[in-house]
Structure formats: structure tokens, C-alpha cells
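Here is the structure we will look at, set down as C-alpha cells.
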Amino acid sequence: MNVFARELLRWYDHHGRKDLPWQHPRDAYRVWLSEIMLQQTQVVTVVGYFQRFVERLPTLASLAAADEDTVLALWSGLGYYRRARFLHRAAQLCVERHGGELPRELDALMALPGIGRSTAGAILAQAHGLRFPILDGNVKRVLSRYHGIAGFPGESAIEKQLWRHAAEHTPAERIADYTQAIMDLGATVCVRAKPLCLLCPQAATCVAHRDGLTGVLPTAKPGKKIPTRSLAMLLLRDARGRVLLEKRGPQGVWSGLWSLPEATDPDAAGMVASGLARIGEADPLPAFTHVFSHYRLDVSPILFDHAAPLATVADRDDRRWCDREELASLGLPAPVRTLLANLPEIAP
DNA sequence: AAGTCGGGGCT
DNA sequence: AGCCCAGACTT
């Protein structure tokens, strides 16, 4: 076994994480679900969502049989909702194509929606002990420092080098442990800011440590400033306290989630609202800003209390008057859920 | 190669 | 205030 892997496994035996919920039991479905949830999402955030999800949908078959609103409700607040829709579709494809199980071949895994090369490698390595490398954010950070590779890891030439090193280091034995170990090293020792090189099993041979480059490697993403958009959210509430929600389409942000009707700005809100219900006065609520990774959204919520549902808008698949109980069973964008939770009581 | 897709934690 | 996180997909 190569020196890198041997030292890493020795460290893992004493200091690795061995009590994460997807490690017990470590079956393919749970590894897969954890990998999808962990895409661009930190472990501490995922743990609670993972436990709730597997409690409600413990098997691939139960996921495939669930309806989309149930899956999105379990995902609500976690973000990147396309992951949940891909997960759901992939489970159904496994039932159709692979006898109800995840395939054990790299190509077949990568052909499923939401599974790229790194996620496929993680599933094969961790669930089945097969010798496939991974290259997530942790591994990119560890390897770019260890080998002293400058350049943004998202750039294709850099990423290609990193994949080559990742494959070289991956041992023939103890693949599942090795895969967990290199992620643990990145998450707990070779962290982005102020890495704990004194505790690192690779410090003696790490280029960045030798040359004092841990502060500049890996090379940061080239910065860019993000635009600001704005809209008004319409809170149409009837006498029973129900709120009108609309299911968003398959494209764009919050795809498939239930959200509030929107207008381009507060001045247009009355016109839009009157097309959805018989309304009285508009009551502006405090505006807030929601930040995405690629733009900033200024939201002006406007409350229309004592709204009277129009028959023509009440009975569509993508439009629904919801009480508080129903909200819990639907996927809502995080800021909308917060907004509804903090709504003032109905004025007399 | 660049843009799209969330939300939260950390500095 | 800005950056990053167990990335993948689309254009």
C-alpha cells in the first residue's frame, strides 16, 4: 500500500469519524442519500435531515413509491431542491432498470440523475468496497495542498490533475475506510482556514506545509459580484387563516416547491391579488433580503387579510389554500416558511 | 468555460 | 460582507 494511504488509515483508526448516521448501517441506499444531501452542504446541517428522511422513507423502494411533495417536504430547508427531484427520479429508474437496487457499475450509476463521478465513486467505495476514487471539496483541498498544486480546482486542467492523484492514492484494501478517512482529514484537520498541521499524518511530506503555502492553497475561486433582484410576495389569507400557495414549475429556483404568488413589485401586487381572490386592503409587511449564491433577492411581502377565494382559482393542482397543518406536509422555500411562521394574527 | 441551483456556518 | 461547503447539470 502507498505511503499516503497507509499513514492516512493509521490516523483514521484513532481519529476518524465512525459514528455518522449513514455509517450504521452502511448500505447503498443510505450512502447514496447521504452523498446527495452532502453535495455542497455541511455535515452538521445534513445529519438531522438524513435521520428524518430515512425514518420516513427507509428504503429505495419506499422512496420510489413516495409522491414528490412528500420528498420535497423532507428536503424543505436543505436547499438545491433539484437534488431531491433527481433522487426521487433515480429511485424510480432503479426500480425500472435495475431490479429495485442501485447498480454496482460506475457507468450505470453516473447515468442516474444527480450522480456524477465523485458521488458514484463514493457509493461504490463506501457501500461495496470497490476501488474507485472520489474528488469532493475535502479531497481537492487535501491534495492541492499535499502536492502543492496552484490554480482554482474548478478549472478543468487542475481538476484533471487532482483526479489523477486521487486515483493514485486510493489503495486496494480498506477502500471504504480510506474514502471516509480522506474526507475526515479534510473536514477536521486540513480545514480551509488555519489547518491543524501539527495533528496531520501527512505533514512530513506535504508540499504546502513545507513551503508555507497552506494559506493560499487551494487557490480561491475567482470572485464575482452578484446582481440584486426584487419582487413582491402576496400573502392571501382567508377568514379561516388559510393561505394561498402555488406550486412552482420544474425550472428555476425553488423548482417543485410550494410558494407564495408573486408580483414584480408592491405596486403591481393589488392587481395580481385581485385576480386570485376578492381582497380588501393591502398590508405591507417588513421587507427582507434573501441571498442566493448567484443573486440577492429583495422581497416585499404584502398581506391581504380576509381574502375570499375565487372558485376559479381554488381547484387547481398547482394552486391551493393551505392551513397550518398542510404546510408541514409540503416543501416550502426556507424564507417562505419563516415568513408564514411569523405571520401576525388575523386582524378583527 | 460559464451559469444555475439554497441555505447556513464561519471568519 | 464575503467565502465556502461530501457537486451536478445545462447552456
Side-chain angles (χ1 to χ4, degrees), chain A residues 16-17 20-23 30-50 72 75-87 89-90 109-123 125-126 133-142 152-160 162-163 166 176 179-188 190-194 215 218-229 248-257 259 288-297 331-338:
Chain A
R17 294 178 293 188
L20 296 168
W22 41 90
Q23 295 176 309
R30 293 164 62 92
V31 169
W32 171 40
L33 174 62
S34 72
E35 288 298 329
I36 301 301
M37 284 188 167
L38 287 161
Q39 288 170 1
Q40 297 294 288
T41 310
Q42 296 187 346
V43 170
V44 289
T45 303
V46 165
V47 168
Y49 285 91
F50 178 86
L72 285 172
W75 212 272
S76 182
L78 195 54
Y80 283 163
Y81 299 95
R82 189 173 57 169
R83 294 182 295 176
R85 291 148 46 77
F86 282 160
L87 181 82
R89 193 188 316 164
L109 274 176
M110 291 181 64
L112 294 171
I115 301 181
R117 186 175 172 190
S118 189
T119 298
I123 294 168
Q126 297 201 286
I134 63 165
L135 188 63
D136 63 3
N138 287 310
V139 181
K140 284 178 178 174
R141 187 170 53 255
V142 169
F152 174 54
E155 189 181 327
S156 65
I158 305 298
E159 189 169 336
K160 194 173 175 181
L162 293 170
W163 269 115
T179 302
Q180 187 63 48
I182 194 165
M183 289 190 288
D184 285 356
L185 187 71
T188 64
C190 195
V191 292
R192 189 174 68 84
K194 299 180 184 176
T219 304
K221 183 178 184 176
K224 207 179 321 178
K225 46 183 168 186
I226 61 177
T228 298
R229 305 178 192 177
R248 299 176 66 88
Q251 310 277 341
V253 289
W254 298 330
S255 59
L257 271 62
S259 190
F288 62 90
T289 301
H290 187 75
V291 181
F292 297 94
S293 35
H294 52 308
Y295 65 92
R296 181 184 315 272
L297 185 65
L332 269 59
V336 173
R337 198 177 286 286
T338 301

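Throughout, a chain's letter reflects where its sequence line sits, starting with A, and its residues are numbered from 1.
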Regarding [X], tell me which of base, sugar-phosphate or nothing describes its non-hydrogen contacts under 4.0 Å with the strands shown.
| X | result |
| --- | --- |
| V46(A) | nothing |
| L87(A) | nothing |
| G77(A) | sugar-phosphate |
| A122(A) | nothing |
| W32(A) | nothing |
| R141(A) | sugar-phosphate |
| A220(A) | sugar-phosphate |
| Q180(A) | base |
| S34(A) | nothing |

Subject >> 5'-most by nearest nucleotide on DNA chain C - T219(A) or M110(A) >> reply: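 Whichever sits nearer the 5' end wins; that is T219(A).
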Subject >> Step-by-step side chain to side chain contact (heavy atoms under 4.5 Å, CB included) determination, L33(A) to L87(A) >> reply: CA-CA 8 Å; L33(A) 174 62; L87(A) 181 82; 3.7 Å; yes
Subject >> Residue whose closest nucleotide on DNA chain B lies nearer the 5' end, H290(A) versus K194(A) >> reply: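 Its nucleotide being nearer the 5' end, the pick is H290(A).
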Subject >> 5' priority, DNA chain B, between K224(A) and F292(A) [closest heavy atom] >> reply: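 Its nucleotide being nearer the 5' end, the pick is K224(A).
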Original post:
When you measure from every atom of DNA chain B, which of residues 248-257 of chain A have a heavy atom less than 4.0 Å away?
Top reply: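 Listed by number, they are G252(A), V253(A), W254(A).
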**OP:** With a 4.0 Å heavy-atom cut-off, tell me which residues in residues 35-42 of chain A come close to DNA chain B, sorted by residue number.
**Re:**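 Listed by number, they are Q40(A), T41(A), Q42(A).
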On a whole-Å scale, what distance lies between the [atom1] atoms belonging to [N] and [M]?
| N | M | atom1 | answer |
| --- | --- | --- | --- |
| dG8(B) | dC9(C) | P | 25 Å |
| dA8(C) | dG9(B) | P | 24 Å |
| dA6(C) | dG3(B) | C1' | 23 Å |
| dG6(B) | dT11(C) | P | 16 Å |

Subject >> Stepwise side chain to side chain contact (heavy atoms under 4.5 Å, CB included) check, F50(A) with L20(A) >> reply: CA-CA 10 Å; F50(A) 178 86; L20(A) 296 168; over 6 Å; no
Original post:
Given side chains that start at C-beta, do those of R85(A) and L72(A) come closer than 4.5 Å, heavy atoms only?
Top reply: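 When only atoms from C-beta onward are counted, L72(A) and R85(A) do touch, with a gap below 4.5 Å.
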Subject >> Close side-chain approach of P218(A) and K140(A), heavy atoms under 4.5 Å >> reply: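 A side-chain contact under 4.5 Å is absent here.
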Original post:
What are the bounds, 5' to 3', of the part of DNA chain C that sits under 4.0 Å from heavy atoms of chain A?
Top reply: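 So the contact region on DNA chain C extends dC4(C) to dC9(C).
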Subject >> Mutual orientation of the aromatic rings belonging to Y295(A) and F292(A) [parallel < 30°, tilted 30-60°, perpendicular > 60°] >> reply: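 Tilted: the ring planes of Y295(A) and F292(A) meet at 30° to 60°.
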Does [X] use its side chain to pair, donor to acceptor, with the backbone of [Y] at less than 3.5 Å?
| X | Y | answer |
| --- | --- | --- |
| R248(A) | V253(A) | yes |
| R82(A) | S255(A) | no |
| T179(A) | A122(A) | no |
| T338(A) | A334(A) | yes |

Show me the donor-acceptor pairs within less than 3.5 Å that the side chains of residues 109-119 of chain A make with the rest of the protein, sequence neighbours left out.
unit_1	atom_1	unit_2	atom_2	d
S118(A)	OG	L135(A)	N	3.0
T119(A)	OG1	Q39(A)	NE2	3.2

**OP:** Kindly indicate, with the supporting measurements, whether the criterion side chain to side chain contact (heavy atoms under 4.5 Å, CB included) is fulfilled by V46(A) and W22(A).
**Re:** CA-CA 11 Å; V46(A) 165; W22(A) 41 90; 3.9 Å; yes
**OP:** Output the distance between atom CD (E35(A)) and atom CH2 (W32(A)), rounded to the nearest 0.5 Å.
**Re:**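 Taking CD in E35(A) and CH2 in W32(A), the distance rounds to 12.5 Å.
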Subject >> Y80(A): partners by side chain to side chain contact (heavy atoms under 4.5 Å, CB included), with sequence neighbours left out >> reply: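 Only Q40(A), R83(A), S293(A) meet the side chain to side chain contact (heavy atoms under 4.5 Å, CB included) criterion with Y80(A).
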Original post:
From the 5' end of DNA chain B to its 3' end, which nucleotides mark the outer limits of contact with chain A, defined by a 4.0 Å heavy-atom distance cut-off (strictly under)?
Top reply: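 Range of nucleotides touched by chain A: dA1(B) to dG9(B).
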Original post:
Is it true that atom CZ of R17(A) has more than 12 heavy atoms of other residues, nucleotides or ligands lying nearer than 6.0 Å?
Top reply: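 Enclosed.
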**OP:** Compare every heavy atom of P133(A) with every heavy atom of W163(A), then report the nearest pair and how far apart it is.
**Re:**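 So the two residues come closest at CZ3-O, 3.7 Å.
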